[in-house]
Structure formats: C-alpha cells, structure tokens
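No hydrogens, no waters, no symmetry mates; every other heavy atom, side chains included, goes into these values. Convention: sequence-line order gives letters A, B, ...; per-chain numbering from 1.
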Amino acid sequence: MTQRISKSKRARMQNPILQFFRYIRLNLKILKIVSKGHGSTRDVNYTK
Amino acid sequence: MAKILVLGAGISGHVAAAHLRRKLSKEHQVVVVSPNSNYQWIPSNIWVGIGRMKSKEILFPLAPLYKRKNIDFLQAKAMAFYPEGDISENKPYVLVEYVTEQNKGKQEKVTYDYLINATGPKLNFEATEGLIPEKNKTHSVCTYTHAEPTWKALEILIHEMKQGKNVKILIGTGHPKATCQGAAFEYILNVERELVKRGVRDKAEITWISNEYKLGDFGIDGALLSYGGMTMKSNEMMEMIFEDRNIKWILGAGVTKIEDGIAHYENLDGEYKNETFDFAMLIPAFSGHGFKAYDKNNQDITDKLFKGFMIVDADYTPKPYEEWKAQDWPETYQNPSYANIFAPGIAFAPPHTISKPRKSKNGTEIFPSPPRTGMPSGITAKLVADNIIDSIKKGTMSLKHKGSMANMGAACIASAGYGRTQGSGVSITTYPIVPDYVKYKNTQGRDLNKTFGEIGLAGHWLKMTLHYAFIYKAKMKPFWWLIPE
C-alpha cells in the first residue's frame with residue numbers, strides 16, 4: 001500500500017463540518033453547470 | 001389528438017413520458033411499453049451489491065403510477081418497427097409482445113403519431129464466453145435482480161475471509177469494447193471499503209481490469225480537471241485513489257472468455273493472459289436489441305432505422321480519430337428517414353467512440369464504447385419530449401430544443417464507500433461530455449472552470465441526495481419537474 005493521500009488531507013476529506021460546506025459548494029457548482037443548459041454545436045454562435 | 005409511444009421505462013423513457021404527460025392536455029395519449037414492471041434507480045444498484053441497500057429502496061412499480069398519471073402502460077417488449085404501417089394498417093406502428101402471465105406471447109400493433117425509442121442497451125453477456133451473472137464466480141450490478149445475489153455471494157466470501165481464507169477479487173469490464181466503467185469503478189471502491197469495515201481487507205487482493213488505455217478514461221477519453229487548486233489528469237487522480245487503497249490494475253485488457261474463477265484476456269501488446277479470481281464483477285458489452293424494421297410492403301428497412309442502436313441526426317461518415325469533430329454528435333436525436341421517430345439516451349447510435357480507438361497487435365479492438373447513461377439520458381429524453389410537445393402544439397415539426405453531448409455537461413458522483421460519516425465519494429463533472437478539441441484546444445477539449453474533481457464525505461452525501469431526489473422525481477410527486485435531469 002502506498003499512502004498517496006496524507007493523514008491530514010484524509011482527515012479533511014472526512015471532517016463532517018468541513019464537508020458540509022463542501023457539500024453546499026458542490027451542489028452550487030453542479031447546479032451552475034446544469035443551469036447553463038445544453039445546446040447545439042452546429043449553430044453559427046457555438047464557437048463564440 | 002396525438003398519440004406518443006414511448007418504448008422503455010428506464011431513466012430516458014420515464015423522463016420523456018413524465019414530461020409529455022405534464023405538458024400535454026389529456027386529449028393526447030401517452031403510451032409506455034416496457035417489459036419491466038418496476039422503475040429502478042440504476043445508480044444505486046452498487047449499494048444493493050454491497051448489502052447497504054435493499055432493492056425495494058431503489059425501485060417502485062410503474063403500473064399504479066402510470067394509472068394515476070393517465071399514462072397508458074403495456075408490460076410488453078417491442079418486436080419490430082413498421083414506420084409506414086402495413087397493408088392493413090395505415091398508421092405507423094410497433095409490433096409488441098406482452099410478457100405478463102395472463103397475456104404472455106400475445107402480440108399487438110401499437111400505432112403512434114410520434115415514437116420515442118428509449119429501449120436503452122441490451123446487456124450483451126453472450127458476447128463474452130462464460131460471462132454469466134452468478135456463474136463461474138462472476139457477478140453483476142447492472143440491475144437490481146443481479147445486484148441482490150451479488151451481495152449474497154460477497155457476503156459468503158467475507159464470511160470465508162473471516163475464517164482466514166485469502167481471496168482475489170476482480171472488478172472492471174468484461175468485454176474488449178465494454179462501457180460504463182464508472183459503475184465498476186464505484187463498485188470496486190465500495191467493495192474495498194466494505195472489506196475494511198468488516199476487518200478483512202488484508203485477506204483480499206483487489207484488482208481492476210479494464211479496456212481503458214489509462215485509468216480514468218471512463219469512455220470519455222479521460223479528462224484534464226481542476227482538483228484542489230491544481231490541474232490534474234483523470235488518470236493521475238484515479239492512480240492516486242487506487243494506490244492509496246492498495247488496488248492493483250490491469251489496463252488495455254479485452255476480456256474474451258471466463259472459466260470458473262479465470263478471466264482470459266488479450267492486452268494491447270497482443271499477449272494472451274489470464275487472471276484468477278474468487279469473486280468478479282465485470283461489466284458486459286452493451287448492444288442494440290436487434291430490432292427489425294419493415295416498410296408498408298413488408299420489405300426489410302432495418303438499415304434505415306438501426307446501426308446496432310437507432311440512427312439519429314449524427315454524422316456517421318467513417319473517419320480517423322484525428323478528424324472527429326464535436327459536430328459529429330447528434331443534437332435532436334431524430335431519425336433522418338422518419339421525422340416522427342426519436343432515440344434519446346443509450347438507444348441512439350453514436351457516430352463513433354469518444355475514447356481513442358486502439359487495436360492489439362493481433363488486430364483486436366480494445367477500447368471503451370461511449371457512455372450515454374445517467375444525466376445525458378435524462379437531458380436528451382427531456383429535449384426530445386419538448387420538441388414533440390412543441391410540434392403537437394404548433395401543428396408542424398419543431399426542433400428548437402437541441403442538446404449535443406459535445407455541448408452538455410455531466411456530473412458523475414461516484415460512491416467510494418457507504419456511511420453517513422464514514423462514507424466517501426469521488427465527484428467529477430465534465431463540460432462538455434464529448435471533448436471539443438477545437439473550442440478548448442489548450443485544456444484537452446474541456447472547460448476547466450466546469451471540469452473538476454473532488455474526493456470526500458460530501459460526495460457520498462451528494463450521491464445520497466441524488467438517490468432520494470431522483471426517486472422523488474421519478475414518482476412524479478409535487479413539483480417533481482423542478483428537479484433538473
């Protein structure tokens with residue numbers, strides 16, 4: 001086994017308080033991507 | 001009055017039917033044909049496969065819901081397509097065969113004005129000799145009926161490990177061109193975590209086997225992503241996770257045959273090797289259902305509708321990887337020969353793969369097929385439904401709603417262990433799903449502001465949130481439509 005994730009980082013990854021704020025942030029980030037929507041790649045405006 | 005026929009009641013078919021019913025008045029008829037009696041939230045099957053959820057928590061019966069919502073439901077399977085009707089039937093129709101006890105084998109012509117083919121993939125276990133769920137020590141989490149016995153087998157194995165037995169666990173893809181690496185990735189991390197929790201991790205050698213060229217390819221050609229304030233390649237992130245959990249990996253492996261506890265595979269160097277195991281979960285190849293299509297005079301026109309999966313508005317011109325463009329990917333999922341037929345989700349034939357195609361030295365193609373599961377399935381189903389709704393209301397074909405996978409984001413929230421405070425998740429978003437190497441030429445085809453990875457407990461909570469939110473949405477409870485696809 002190679003410890004690639006340090007103990008302090010692992011503690012942050014499992015800290016419920018820190019992770020609660022990360023959870024809120026993740027939700028907002030994903031919502032931002034979803035709300036941007038989707039569309040065509042063939043329209044003239046696509047590359048702009 | 002218009003009649004819309006939806007084939008399939010998975011994520012794609014169910015989303016389409018729900019939106020059609022909500023936005024169309026009752027004079028219009030929505031008919032769903034599916035051989036399955038239940039709706040299942042497939043992403044949670046991995047938790048059934050580790051015994052952390054019961055299958056009843058991820059499914060519900062379709063018939064009572066559809067009855068309440070005024071959606072006609074036929075528990076039957078599609079047999080053949082007649083997009084022009086036939087000599088005795090003027091309207092286009094699909095020939096279906098009932099699968100319920102009382103009507104088993106009875107066939108019926110189900111006519112339509114618009115057809116949504118959301119039949120998803122056939123889980124083509126037969127494409128790999130010996131790969132049969134619950135046989136030869138191989139298992140599956142593709143459906144809840146597979147995931148339940150998979151947990152039983154894993155539970156027995158854990159018991160044997162507690163008695164002191166050392167075991168080998170093999171998880172990954174079971175065919176040279178399999179897709180859905182994400183599900184296998186989730187499962188291997190969950191199994192590893194369960195073994196830790198049950199105090200038997202030291203008794204297991206866990207190995208990932210995959211047709212990917214690099215870890216983290218996931219059938220989307222990998223990704224460059226933002227992680228913890230730096231930019232990282234997806235293969236580096238996955239290597240970090242696997243090394244940290246002492247999971248070995250075999251890449252560029254096309255599994256061709258399974259014998260009792262032995263996986264035979266060919267690698268990209270053309271070597272024929274095998275890997276032994278006590279428990280394996282290998283994702284099978286996905287294929288089309290082999291539907292046939294006929295014109296009004298009963299002539300075979302299958303080539304107009306199908307290319308394995310259904311032909312849509314993609315550019316299917318064969319060309320080398322270097323010439324692939326974002327514009328090759330479909331936008332409306334409409335069949336070019338029959339304007340009233342659409343195929344969202346996994347049912348549409350992709351123009352080509354997303355990952356770079358590779359061949360072994362013996363000429364065997366070993367690379368992932370393109371994934372279209374989850375979020376893209378829901379998004380494409382909704383836009384197809386919206387176009388049909390507009391067309392019905394305007395009285396003329398409308399294709400205003402478009403959504404190419406090369407101009408669409410996706411969030412992949414992969415569980416990495418179950419538990420309210422001890423759980424973990426790997427959250428990855430990519431924008432776009434299909435890389436556009438012209439528009440985002442310096443960032444491997446993707447927008448780095450929207451392509452990121454996170455690891456931690458928050459990912460598990462998010463996956464749980466999605467589980468409850470999407471089952472709420474699928475049950476069409478109040479304001480379900482506010483939850484995005």
Side-chain angles (χ1 to χ4, degrees), chain A, chain B residues 201 228 239-247 313 325-329 331-332 375-376 379-380 383 401-411 413 420-425 427 429-434 436 438-439 447 449-452 454-462 465-466 484-485:
Chain A
M1 182 171 168
T2 310
Q3 190 182 317
R4 289 285 307 270
I5 300 171
S6 66
K7 282 185 179 171
S8 61
K9 189 150 193 181
R10 198 185 307 274
R12 285 201 298 275
M13 283 176 179
Q14 296 303 130
N15 182 313
I17 297 164
L18 285 176
Q19 289 295 313
F20 174 74
F21 291 106
R22 189 147 283 190
Y23 169 76
I24 302 289
R25 212 186 85 198
L26 259 176
N27 270 295
L28 292 173
K29 279 174 89 171
I30 290 170
L31 268 177
K32 194 177 148 195
I33 292 169
V34 173
S35 65
K36 198 264 175 188
H38 46 268
S40 170
T41 54
R42 298 169 190 162
D43 289 350
V44 284
N45 292 328
Y46 167 65
T47 49
K48 288 175 187 170
Chain B
R201 178 64 184 91
E239 281 170 22
M240 178 181 79
I241 295 167
F242 277 10
E243 282 188 351
D244 194 67
R245 293 194 176 197
N246 197 20
I247 295 172
D313 60 320
K325 299 192 306 283
Q327 288 72 19
D328 297 342
W329 286 79
E331 302 187 340
T332 62
M375 207 165 160
I379 291 171
T380 54
L383 75 89
H401 302 275
K402 292 177 179 173
S404 163
M405 279 172 60
N407 191 3
M408 180 191 298
I413 314 301
R420 195 175 294 169
T421 56
Q422 297 300 310
S424 183
S427 313
T429 65
T430 58
Y431 190 94
I433 302 165
V434 174
D436 185 339
V438 175
K439 189 168 182 178
D447 182 344
N449 291 320
K450 295 172 188 162
T451 303
F452 62 88
E454 296 250 4
I455 309 170
L457 180 58
H460 173 71
W461 290 342
L462 190 54
T465 306
L466 295 179
E485 298 337 303

Donor-acceptor contacts under 3.5 Å from residues 24-33 of chain A side chains, at least two apart:
| from | atom 1 | to | atom 2 | distance (Å) |
| --- | --- | --- | --- | --- |
| A:Arg25 | NH2 | B:Glu454 | OE2 | 2.9 |
| A:Asn27 | ND2 | A:Tyr23 | O | 3.0 |

Part of [X] within contact of chain A (heavy atom distance under 4.5 Å):
X        : result
B:Asp313 : both
B:Ala411 : side chain
B:Met405 : neither
B:Leu383 : side chain
B:Gln422 : backbone

Is there a donor-acceptor pair under 3.5 Å between the side chain of B:Thr451 and the backbone N or O of B:Tyr431? yes
When you measure from the side chain of B:Arg201 to the backbone N and O of B:Arg245, does any donor-acceptor pair fall under 3.5 Å? yes
Pick from A:Met13, A:His38, A:Lys9, A:Arg42: which one has the most heavy-atom pairs with chain B under 4.5 Å? A:Arg42
Could you tell me which portion of A:Phe20 (side chain, backbone, both or neither) has an atom closer than 4.5 angstrom to a non-hydrogen atom of chain B? both
Who wins among B:Ser404, B:Pro432, B:Gly409 for the most heavy-atom pairs under 4.5 Å with chain A? B:Ser404
Can you confirm whether [X] sits close enough to [Y] that some side-chain heavy atom of one is under 4.5 Å from a side-chain heavy atom of the other?
X        : Y        : answer
B:Ile433 : B:Met375 : no
B:Ser424 : B:His460 : no
B:Thr380 : B:Met408 : yes

